[in-house]
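If you're wondering where the values come from, they're calculated on a predicted model, not measured in any experiment.
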Amino acid sequence: MQESVSADEPTRQHVLSALSRERKAGLRPDPDFDRRLDQYLPLLAGLFSSLYGSRPGWQDQLAALIVQSARSWQERPVELKALDAEREGNSGWFRSHTMLGGVCYVDRYAKSLEGVRARIPYFKELGLTYLHLMPLFLAPEPHSDGGYAVSSYREVNPKLGTMEQLRSLSAELRSNGISLVVDFIFNHTSDEHEWARKAAAGDPEYGGYYWIFPDRTMPDAFEQNVREIFPENHSGSFIQMEDGRWVWATFHTYQWDLNYANPDVFRAMAGEMLFLANQGVDILRMDALAFIWKQLGTSCENLPEAHTLLRAFNAVCRLAAPSLLFKSEAIVHPDDVALYIDPAECQISYNPLQMALIWESLATRDVSLLAQALGRRHNIPEGTSWVNYVRSHDDIGWTFADEDAAELGINGFDHRRFLNSFYVNRFPGSFARGVPFQDNPRTGDCRISGTTASLCGMEVNPAEAVERILLAHSVAFSTGGIPLLYLGDEVGQVNDYAYAQEPGHEDDSRWVHRPQFPAEQYARRTDPGTPEGAVYTGLQRMVEVRANAPELAGSTLIDFETGNRGVLAYQRPGEATARGTRVLVLANFSDSPQSLPADTFGGFAAAAVDLLSEARLQLDEGVTLLPRQYIWLRVTPKP
């Protein structure tokens with residue numbers, strides 16, 4: 001989406017002269033770095049100029065950034081440089097149909113980093129190739145926001161371990177074919193970060209790292225257009241400091257927003273990013289990226305400069321950590337989510353719309369909104385991938401576009417109220433046992449907390465809940481991208497209703513779906529006669545089939561109309577299947593059998609096979625699906 005920008009010759013020479021001086025002073029020349037510098041300097045300089053070109057000395061800042069990158073590359077471990085070279089020749093490695101992600105909190109799932117290491121054999125049993133460890137850096141308690149209030153990006157929370165242990169764990173994961181993913185919380189820091197402490201003490205240099213104002217004049221001006229994110233935490237977007245000044249705090253009072261209009265902040269955060277890359281992190285989840293640029297008179301969300309910043313950070317990575325990927329975390333309008341997905345911005349992205357509409361379809365037994373989204377919004381640029389999930393550590397928000405819903409005769413506001421009511425068991429006949437999060441009676445806004453099993457009705461009807469759990473995951477596993485499991489969901493873990501008894505958790509219902517490791521349930525995973533075993537067995541079958549179906553590689557999806565509002569369908573052509581076959585997915589979200597007549601499948605040869613059950617079907621006889629049944633048909637399109 002960005003116009004082409006590049007460096008002029010004086011800027012290039014200024015940077016190269018600075019690099020030459022550093023090399024004369026001891027920085028080692030490196031032909032690999034110089035090759036990449038020739039390739040990416042014009043881009044990075046153009047982006048940096050776009051952000052900071054009006055500021056005096058911006059070329060010196062750019063030169064310092066390049067030198068900083070060269071030093072980071074020099075310090076990068078040999079084995080990571082080898083991985084960089086390997087992935088340079090296989091840039092689409094993350095688009096493979098063998099990819100499977102898992103996510104967990106270290107303390108709740110495994111107590112410590114060493115506990116995570118001990119679970120590697122289980123991760124291999126499950127088939128994980130991607131492990132996201134939720135925020136694990138130093139954060140003050142109880143004001144940590146689950147680790148998202150970082151007070152040091154270079155120190156691990158001592159309850160979990162040390163940075164040396166994280167570095168060792170990343171190496172062992174890598175040797176077992178598992179990529180490490182961590183959060184890069186780069187919109188804000190904790191108010192106890194060293195930078196924030198110095199800003200609070202009046203240090204003018206670090207005061208410029210944050211949005212700090214002497215009185216309410218500018219905060220009031222900004223808040224004319226900026227929305228409240230967590231009104232239960234504090235009203236507006238600013239909080240008053242002890243000395244009377246006001247500082248921007250989008251989320252919680254103890255999380256201060258960084259000021260990226262200051263190039264010092266860009267360079268400082270680039271340094272933190274490269275440090276983490278050199279510990280062996282493969283993918284950074286770019287947290288709250290929609291908020292990273294502020295401009296008076298705007299909503300301060302999804303501004304063009306946010307994309308420029310991401311592209312500049314990406315260019316820095318290509319210089320000093322070439323295999324590092326970014327994952328987008330933008331729970332915003334679907335059109336805005338898509339704008340961050342680009343090989344030059346975030347190569348992979350959460351798929352929040354698909355997640356929300358899976359739950360919407362389960363509640364309504366009507367797949368119309370989900371089918372519309374898959375047909376209209378699923379396909380993304382070449383060289384990128386979705387991360388598809390049924391739930392994450394966070395709440396469920398109903399992020400569908402009102403204009404999309406209106407096309408189907410659905411009033412968005414009313415529909416969200418219904419969904420909120422349904423999933424917190426305020427709607428007659430609901431199977432769900434969710435808990436409201438940030439319930440705002442004034443605006444009608446609400447989000448949903450709950451584990452997959454509890455939201456699917458495990459506490460009401462375990463047999464039907466198992467079917468819903470597998471149905472939901474069948475979509476995440478087959479639409480294209482990296483399927484992501486919140487670890488514990490694969491054994492049907494239910495809500496932890498005692499969450500409020502833990503200090504610091506009482507006002508945040510999201511802890512209801514962040515339970516401790518369910519050892520007893522994992523022990524039952526090999527018994528398919530139990531709910532745990534039925535869920536685990538069903539998911540393992542999906543993993544196995546997917547890994548052996550080249551049609552399910554990549555992210556390309558072709559929509560398919562069934563004429564039945566209870567049955568979701570889509571085609572997966574893979575990236576280049578020599579046999580010319582496709583996988584046609586059919587998923588019945590209704591509570592009754594659904595029959596699709598033969599003419600539904602007129603574009604395919606009659607013979608088909610369900611990859612999951614290995615059953616052979618004759619499409620010219622039509623297909624009947626049981627309640628909540630899903631099938632992955634290998635089909636051959638007619639010439």
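Residue Glu551 is tested with Arg634, Arg572, Arg582 for a salt bridge (charged side-chain N to carboxylate O under 4.0 Å, His left out); the sole match is Arg634. Checked against Val106 for a side-chain contact (heavy atoms from CB on, under 4.5 Å), the options Leu166, Asn157, Leu160 give a single hit: Leu160. Checking each of Leu100, Ile178, Ile283 against Tyr130 for a side-chain contact (heavy atoms from CB on, under 4.5 Å) leaves exactly one that passes, namely Ile283.
In this structure a side-chain-to-backbone donor-acceptor pair under 3.5 Å is present from Arg546 to Phe477. Not one N or O on the side chain of Ser421 forms a donor-acceptor pair closer than 3.5 Å with the backbone of Arg417. Formation of a donor-acceptor pair under 3.5 Å by the Ser430 side chain with backbone atoms of Phe427 is not found in this model. Side chain of Asp404 to backbone of Leu408: no donor-acceptor contact under 3.5 angstrom is found. The closest donor-acceptor contact from the side chain of Glu532 to the backbone of Arg524 lies at 3.5 Å or more, if one exists at all. Looking at Gln354, its side chain never comes within 3.5 Å of a backbone N or O of Pro352 through a donor-acceptor pair. With Asp366 contributing its side chain and Ser368 its backbone, the two residues share a donor-acceptor pair below 3.5 Å. Checked by atom type and distance alone, the side chain of Glu561 pairs as donor or acceptor with a backbone atom of Gly563 at under 3.5 Å. A donor-acceptor pair under 3.5 Å is formed between the side chain of Asn548 and the backbone N or O of Glu544. Remark: the backbone N or O of Asn411 is not paired with any side-chain donor or acceptor of His415 at under 3.5 angstrom.
With rounding to the nearest 0.5 angstrom, the CZ atom of Arg628 is 4.0 Å from the CD atom of Glu464. Remark: Thr129 OG1 to Asn176 CG distance equals 12.0 Å, nearest 0.5 Å. In this structure, Leu325 CG and Arg285 CZ are separated by 15.5 Å, a value rounded to the nearest 0.5 Å. Ile348 contributes atom CD1, which lies 4.5 Å from atom CD1 of Ile482 (distance to the nearest 0.5 angstrom). Taken from CZ in Phe589 to CG in Leu568, the straight-line distance is 5.5 Å, to the nearest 0.5 Å. Note: Gln571 CD to Phe560 CZ = 6.0 Å, rounded to the nearest 0.5 Å.
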Take Arg376 and Glu407, measure what salt bridge (charged side-chain N to carboxylate O under 4.0 Å, His left out) needs, and give me the verdict at the end. CA-CA 13 Å; Arg376 178 175 297 175; Glu407 290 181 24; 2.9 Å; yes
How far apart are the C-alpha atoms of Lys159 and Asp107, what are their side-chain angles, what is the distance that settles it, and do they pass the salt bridge (charged side-chain N to carboxylate O under 4.0 Å, His left out) test? CA-CA 8 Å; Lys159 294 179 180 178; Asp107 57 337; over 6 Å; no
Evaluate side-chain contact (heavy atoms from CB on, under 4.5 Å) for Ile448 paired with Val424, printing each intermediate quantity in order. CA-CA 7 Å; Ile448 306 300; Val424 300; 3.7 Å; yes
Residues Arg433, Tyr497; criterion side-chain contact (heavy atoms from CB on, under 4.5 Å); working and verdict: CA-CA 11 Å; Arg433 294 298 180 266; Tyr497 296 105; 3.8 Å; yes
Please evaluate residues Leu289 and Ser328 with respect to the criterion side-chain contact (heavy atoms from CB on, under 4.5 Å), reporting the C-alpha separation (whole Å), side-chain torsions for both, the decisive distance (0.1 Å), and the verdict. CA-CA 7 Å; Leu289 50 76; Ser328 163; 3.9 Å; yes
side-chain contact (heavy atoms from CB on, under 4.5 Å), that's the test. Do Leu487 and Tyr522 meet it? Break it down for me. CA-CA 11 Å; Leu487 294 175; Tyr522 273 101; 4.2 Å; yes
I'd like to know whether Arg426 forms a salt bridge (charged side-chain N to carboxylate O under 4.0 Å, His left out) with Asp439, so could you lay out the CA-CA distance, the side-chain angles of the two residues, the decisive distance to 0.1 Å, and finally the verdict. CA-CA 13 Å; Arg426 295 173 184 164; Asp439 201 353; 3.4 Å; yes
Criterion side chain to side chain donor-acceptor pair (under 3.5 Å) on Asp527 and Thr530, from CA distance to verdict: CA-CA 6 Å; Asp527 180 357; Thr530 65; 4.8 Å; no
The test is ring pair (Phe, Tyr, Trp, His ring centres under 6.0 Å); show your working for Phe437 and His513 and say whether it passes. CA-CA 11 Å; Phe437 175 68; His513 59 234; 8.4 Å; no
For Thr624 and Ser595: C-alpha separation, side-chain torsions, deciding distance, then whether side chain to side chain donor-acceptor pair (under 3.5 Å) applies. CA-CA 4 Å; Thr624 297; Ser595 295; 2.9 Å; yes
Could you walk me through whether Gln594 and Asn564 satisfy the side chain to side chain donor-acceptor pair (under 3.5 Å) test, starting with their C-alpha distance in whole Å, then the side-chain angles of each, then the deciding distance to 0.1 Å, before giving a yes or no? CA-CA 8 Å; Gln594 299 294 315; Asn564 185 315; 2.8 Å; yes
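Scanning both residues, Gly280 and Leu180, for their nearest heavy atoms gives O-CB, 4.2 Å. Closest heavy-atom contact between Ser349 and Val337: OG-CG1, 4.1 Å. Heavy atoms only, all atoms of each residue included: Cys446 and Pro436 are closest at SG-CB, 3.8 Å. Taking every heavy atom of both residues into account, Trp359 and Thr452 meet most closely at CH2-O, 3.8 Å. The shortest heavy-atom contact between Ala534 and Val466 is CB-CG1, 3.8 Å. For the residue pair Arg525 and Val491, the shortest heavy atom distance occurs at CB-CG1, 3.9 Å.
Classification of the Trp386-His378 ring pair by plane angle, with boundaries at 30° and 60°, yields tilted. Note: Phe418 and Phe422 have tilted aromatic rings, judged against thresholds of 30 and 60 degrees for the angle between ring planes.
For the residue pair Tyr570/Ser478, the side-chain donor-acceptor check at 3.5 Å is satisfied.
Contact check for Asp489 versus Val390: no side-chain heavy atoms found under the 4.5 Å cut-off. Using a 4.5 Å heavy-atom threshold, the side chains of Arg108 and Trp511 count as touching. Val103 is not listed as a side-chain neighbour of Tyr389, based on a closest heavy-atom distance of 4.5 Å or more. Counting only heavy atoms from C-beta outward, the side chains of Gln438 and Asp395 never approach each other to under 4.5 Å.
For Arg565, the CZ atom is loosely surrounded, since the number of other residues' heavy atoms within 6.0 Å does not exceed 12. Within a 6.0 Å sphere centred on CD of Glu520, heavy atoms belonging to other residues, nucleotides or ligands number 12 at most.
For the pair Arg119 and Phe517, the cation-pi test (distance below 6.0 Å, angle within 45°) is passed. In this structure, Arg447 is not positioned above the aromatic face of Tyr423 in the sense of NZ or CZ being under 6.0 Å from the six-membered ring centre and within 45° of the axis.
Taking a cutoff of 4.0 Å between a charged side-chain nitrogen and a carboxylate oxygen, Arg514 and Glu502 do not qualify as a salt bridge. A salt bridge is absent between Asp282 and Lys327: the closest approach of a Lys/Arg side-chain nitrogen to an acidic carboxylate oxygen does not fall below 4.0 angstrom.
Aromatic ring centres of Phe291 and Phe251 lie closer together than 6.0 Å.
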